[in-house]
Amino acid sequence: MAFSAADHLHMAQALRLADRGLYTTTPNPRVGCVIVNDGKVVGEGWHERAGQAHAEVHALQQAGDKAKGATVYVTLEPCSHHGRTPPCADALINAGVARVVAAMQDPNPKVSGSGMALLQAHGIEIAVGLMQAQARELNIGFISRMERSRPWVRSKIAASLDGKTALANGTSQWITSDAARLDVQRWRARSCAILTGVGTVLADDPQHNVRSLDIGRQPLRIILDSRCRMSPAARILQGGALVVCASIEKNNAAALRNAGAEVIALPDAKGRVDFAALMQELARREINELHVEAGYKLSGSLLSAGFTDELLLYMAPTLMGNAAMGMFELPVFTDMNQAVSLTIQQLDFVGQDIRVRARVNSQPD
């Protein structure tokens, strides 16, 4: 289907509006809406927070009577089911709009084409697919949860230019600059949960929370601790956290629970945390984007097991030497075809550090 220059202009604005919900809409998708009548924008809106009005409702309220006969640009197919709020498709029908342009079909099986079908059944012209790639990128975690039943996993690593994350004695603070650490706060803020391993907790006692942005929530902190050995006094437990073990030592589990943590066991056959079961559990908990800040062992294990989707690498202009710790603990490769293949999405300077965002390509069988 051919779209006009005006269509592209208005959908681009809808995507900018959707981006305003980057930190706050979880577990819902980020959605923006623009209503145009006679070439003029008469209503705009975006979804701000789960349980509150959707983008289309905000835009319709602003448009009022001018919505009749208008074209609606929305970054995701209007919902057709009763969730926490009434169906947006019904609201558009009742407002008398003439045309609805959606960037993409909703991957939620509760909608998945039924919203657009309902609009069409009421005589509204529909079109889907305008700027779809940008819309998918904006909601990559929500789409992953709906299509793959697992969150989008983004692993953050701070390293020297020669790929080292800590000195041989374990010293790692601070490799990167204040500017890089502030940038990491934004990636934490857009995530639904932050994952680390017990080794990082024991070595650094991190908080792994959002401190530099007021987003009205904190991502869920998750600690993988196979033997349930972390201290109840760990700072990461302040405000609540999820501790995932392979076997629960009753006394320590009770102490962690008394400290405000939820403790669950997800063992695999080798007595470690089962990554596949973990991803399913996080999807059940409506986690869209999972931000990983862990040591080289857990980071490597997730990557080797095929659960890392994206890498967020901050590389400082320093060299730490061959004896320092690397970024990932990976198996010994004997052929270049076994190496992990990446596609670089972005390459930027953050202060004096280099930020590399790369997608993990599918590996050969």
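Residues: numbered from 1 along the sequence shown.
Shown here for Pro109 and Met146, the closest heavy-atom pair between the two residues is CD-SD, 3.9 Å. Counting all heavy atoms, side chain and backbone alike, Cys33 lies closest to Leu17 at O-CD1, 3.5 Å.
Under the 4.5 Å side-chain heavy-atom criterion for grouping Ile, Leu, Val, Met, Phe, Trp and Tyr, Leu15 is not connected to Val31 through any hydrophobic cluster. Residues Leu182 and Trp174 are members of separate hydrophobic clusters, defined by side-chain heavy-atom contacts under 4.5 angstrom among Ile, Leu, Val, Met, Phe, Trp and Tyr. Clustering ILVMFWY residues whenever any of their side-chain heavy atoms sit less than 4.5 angstrom apart, transitively, puts Val184 in a cluster other than the one holding Tyr23.
Salt bridge present: Glu293 and Arg188 bring a charged side-chain N and a carboxylate O closer than 4.0 Å. Salt-bridge formation is detected for the pair Arg357/Glu137: a Lys NZ or Arg NE/NH1/NH2 atom is positioned less than 4.0 Å from an Asp or Glu carboxylate oxygen. Remark: Glu262 does not engage Arg257 in a salt bridge, criterion side-chain N to carboxylate O under 4.0 Å. Arg136 has a carboxylate O that lies under 4.0 Å from a charged side-chain N of Glu147, or vice versa, which qualifies the two as a salt bridge. Under the 4.0 Å criterion applied to side-chain N and carboxylate O atoms, Arg150 and Asp309 are assigned as salt-bridge partners. Of the charged side-chain nitrogens involved, at least one lies within less than 4.0 Å of a carboxylate oxygen, so that Asp183 and Arg186 count as a salt-bridged pair.
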Determine, stepwise, if the pair Gln280 / Ser149 fulfils side chain to side chain donor-acceptor pair (under 3.5 Å). CA-CA 6 Å; Gln280 291 175 359; Ser149 298; over 6 Å; no
Pair Gln13-Arg16, side chain to side chain donor-acceptor pair (under 3.5 Å): steps then yes or no: CA-CA 5 Å; Gln13 174 60 9; Arg16 285 191 291 270; 3.0 Å; yes
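Formation of a donor-acceptor pair under 3.5 Å by the Asp204 side chain with backbone atoms of Pro206 is not found in this model. A donor-acceptor pair under 3.5 Å links the side-chain atoms of Asp162 to the main chain of Met320, judged by distance alone. Between the side chain of Asp225 and the backbone N or O of Cys245 there is no donor-acceptor pair closer than 3.5 Å. Using a distance-only test at 3.5 Å, with no hydrogens or angles considered, a donor-acceptor pair links the side chain of Asn252 to the main chain of Cys228. Listed for the Gln62 side chain is no donor-acceptor partner under 3.5 Å among the backbone atoms of Ala59. Within the 3.5 Å criterion, the main-chain N or O of Leu138 finds a donor-acceptor partner in the side chain of Arg30. For Thr75 (side chain) and Gly32 (main-chain N/O), a donor-acceptor pair under 3.5 Å exists by modelled atom type.
Side-chain contact of Thr176 with Asp353: a donor-acceptor pair under 3.5 Å is absent, judged by distance alone.
Residue pairs that meet the ring-ring contact (aromatic ring centres under 6.0 Å, His included) test with at least one member in residues 24-51, sequence neighbours left out, are His47-His54.
Every residue meeting the ring-ring contact (aromatic ring centres under 6.0 Å, His included) condition with His10, not counting sequence neighbours, appears here in chain and number order: Tyr73.
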